[in-house]
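Before any comments, here is the structure.
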Amino acid sequence: MSVQAWTFLIAGGTFALYLAIAWWARVSDTKGFYVAGQGIPAAANGMATAADWMSAASFLSMAGLIASMGYAGGMYLMGWTGGYVLLALLLAPYLRRAGHFTVPGFVADRYGSNLARGLAVLCALFISFTYVAGQMRGVGIVFSRFLEVDVEIGVMIGVAIVFVYATLGGMKGITWTQVAQYWVLITAFLVPAIAISIRLTGVAVPSIGMGSTLLDGSASLLAKLDQLHADLGFASYTQPFEGEWDKTNVFCVTLALMAGTAGLPHVIVRFYTVKNVAAARWSAFWALGFILLLYLTAPAVGAFARYYMLSSLHGKTEAELPQWFRSWQPTGLVLWLDDGDGKVAFYGTRDPGRFAESEIFRRGALNADELATVRVEHQKWIDTRGSAGADGRAILRAKGLAGPDQDILVLATPEMAELAAWIVALVAAGALAAALSTASGLLLVISSSVAHDLYFRWIDPQASEAKRLLVSRAVIGVAVVIAGIFGIYPPGFVSQVVAFAFGVAAASFFPALVLGIFSRRVGGVPAMCGMAAGALFTGWYIIASVYGGMEPWCFGIKAQGIGVVGMLLNFGVALLLTPLFPRPDERVQRLLDEIREPESGAAA
Amino acid sequence: MPKESRRSELEAAAHRRYWSHSVRTIALLLLLWAAFGLGCGVLWADALNRWSIGGFPLGFWFAQQGSLLGFLLLIAIYAVAMGRFDRRLRAELDAARAADPASEERRA
């Protein structure tokens, strides 16, 4: 069977499974809709959290990102997992004990103000919508690459599926579907990784294979990679702080991602669905454990793919080029613009002279016409030995399109290692599962923010249970459609927005929640001033440096890491203002007594 | 304070002990968290790279694998320790209530 037939079969089968689960898990009350009746076992919730957390970007791009960054890629691995320690120790058990349906609900209760609720709803909506647009786009891209349908049709199929199971089952349907999606995506990630690891090093565990000796016995994989990087002028793969990432920035980005992870509303809300406080703690353990299956494998896939990429391209002639390169060149994820000698040259930026000779590029955001023009001009330039046409390499280099696209690594590694067609198809189903599961979790946060925190608090507090459920379903339905529209017509900022979402979460929610739980003294006004100061500073710094071309003046910290400064600012403002305002009242003190006890039976 | 009117002195003491144990445990584990992730993975990574483990330079290993495993271990230790504190608190509260019949009456 062909790859395409396998893809239809496997993707179709998983979709049928998701819909069957949705029918089985349909709910009839708002508690089921928002927090799955608070009856999800810790391990199942861990799987759902892991699927929720690992987006299309984690699945498709992370290994490639790490491969292109080497050591510095570790900041994403540590940042996105270290956040779970903060979440487990500082937030999850206490927020679960407080028993609200949403994060803004807790913020409003603790700081005793609807203004705080409004601020929190605004942050939650901003973070969730920007995220979900990227997921829907991911669904469309996977459809178009593997099934050769239009991105638009792919997005619409994705919207239809999520619409059915999110409106029917709410959080309960989403959670159990995510459990299934976890297994689809982790199988799809691990099977090719294990096969490649065995092929290269003979070791079946990829994260051990990564440090092992190559089967040809020449050297260890990492030593070989370092050698290739040195020969071709790339920054060292294993040595830190040699490339563009210095120690300050690696430190700040890691910490900002950690605090941001702990402050993301769609992650926090997962811990509201379990039975009790103890289950919330263990749920964090399971979640990180299931996430690590992918996160410990991703750097290995990155290293394997980097090795294939460098050793199978540089110095090869047209006839010697590997099959994966031929089948992926048409997508534009990797391009070769020869200088006329018929041999591929692939160099890093360390030596500017040789970098100018590098012939491997990617299409990036260029459309088909622009790319064709570059190619035609380049051919003319070669044929006339430079007297007419234009050097396509210089054009692409100036546009920042040197080197292959990061996504190609996960997409093409099964082919690099010449694995069977059904494994390639499995990767497509896994990428779809990753995108759909993250999208549905985010949509639920949007629905609960709008329906629960805005509609019932401010517009119709007397609404009956049936009406509440109906409104929640309607909101999630509308949100799915809006997300789909974003997916078809992506706003230009989506790619930079991840840094934005993490930075704002680190600088707003995280300090407010930690102070709200661990301090009896911090009141509403100082906390809100802190949140506003942190979020505004971070937002301004990111916008100014990404769009305004501002130099990173603050200790040289890049936009991605500035959330740390915003977070410190938030803590600082809140703590400095605290002595000027009265101590929170009795109601808040009782709330704090309550959430600091492990179970209500202990409250005499 | 109304808290005192709801709880006997023994019960309040048990709650205070529980909270101070929790905070101390959390602080200790966060110290280890910082040492793994930010210390070994970033601040000391260049120095640690002089040694190697299983074919990996040590600092690189911490950044891409070691810290991650450390994080998982820390959460497990936390969940076990807090479970123990929970049980101790429950036992102390039961003892306090048995010693103070007034507490039972207030509950009823």
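Chain letters run A, B, ... following the sequence lines, proteins first and then strands; every chain starts at 1.
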Within the structure provided, determine whether A:Y71 and B:V42 are in side-chain contact (heavy-atom separation under 4.5 Å). yes
Taking side chain as C-beta onward, heavy atoms only, is B:D86 less than 4.5 Å from A:R281? yes
Considering only heavy atoms, which portion of A:I66 lies under 4.5 Å from any heavy atom of chain B: side chain, backbone, both, or neither? side chain
Compare all side-chain heavy atoms of B:L68 with those of A:L288 and state whether any distance is below 4.5 angstrom. no
Atom CE in A:M78, atom SG in B:C40: separation rounded to 0.5 Å? 10.0 Å
Pick from A:T254, A:L292, A:V277: which one has the most heavy-atom pairs with chain B under 4.5 Å? A:L292
Enter the distance from A:F290:CZ to B:L72:CG here, rounded to the nearest 0.5 Å. 10.5 Å
Where on B:F56 is there a heavy atom nearer than 4.5 Å to chain A: the side chain, the backbone, both, or neither? both
Non-hydrogen side-chain atoms of A:F518 and B:I26 separated by less than 4.5 Å: yes
Ignoring hydrogens and geometry, is there a side-chain-to-backbone donor-acceptor pair from A:K247 to B:L43 under 3.5 Å? yes
B:P57 and A:L222: which non-hydrogen atoms are nearest, and at how many Å? CD-CD1, 4.3 Å
Answer key: most heavy-atom pairs under 4.5 Å with chain A among B:L74, B:D46, B:T25 is B:D46
B:Q64 side chain to A:G70 main-chain N or O, any donor-acceptor pair under 3.5 Å? yes
Heavy-atom distance under 4.5 Å to chain A: side chain of B:F85, backbone, both or neither? neither
A:Y237 versus chain B, heavy atoms under 4.5 Å apart: side chain, backbone, both or neither? both
Chain B contacts, top residue of A:G74, A:S207, A:G79 (heavy-atom pairs, under 4.5 Å): A:S207
Nearest atoms (heavy-atom pairs only) where B:L38 meets A:F251: CB-CE1, 3.7 Å
Compare all side-chain heavy atoms of B:Q65 with those of A:M210 and state whether any distance is below 4.5 angstrom. yes
Gap between atom CD1 of A:I291 and atom CZ of B:F71 - 0.5 Å precision: 12.5 Å
If you check every heavy atom in residues 47-55 of chain B against those of chain A, which residues fall under 4.5 Å? B:N49, B:G54, B:G55
What orientation do A:Y94 and B:W19 show, parallel under 30°, tilted 30 to 60°, or perpendicular over 60°? perpendicular
Looking at A:F555, I'd like to know if its CZ atom is crowded, meaning that more than 12 non-hydrogen atoms belonging to other residues, nucleotides or ligands lie closer than 6.0 Å. no
Minimum heavy-atom separation for A:L77 and B:A63, please, with both atom names. CB-O, 4.2 Å
Close side-chain approach of A:V85 and B:L29, heavy atoms under 4.5 Å: no
Using modelled atom types and a 3.5 Å cut-off, is there a donor and acceptor pairing between side-chain atoms of B:W33 and backbone atoms of A:G82? yes
Crowded around B:R84 CZ? As in, over 12 foreign heavy atoms under 6.0 Å? no
Is any side-chain heavy atom of A:F285 closer than 4.5 Å to one of B:Y78? no
Partner chain B: residue of A:L86, A:L90, A:V250 with the largest heavy-atom pair count (under 4.5 Å): A:L86
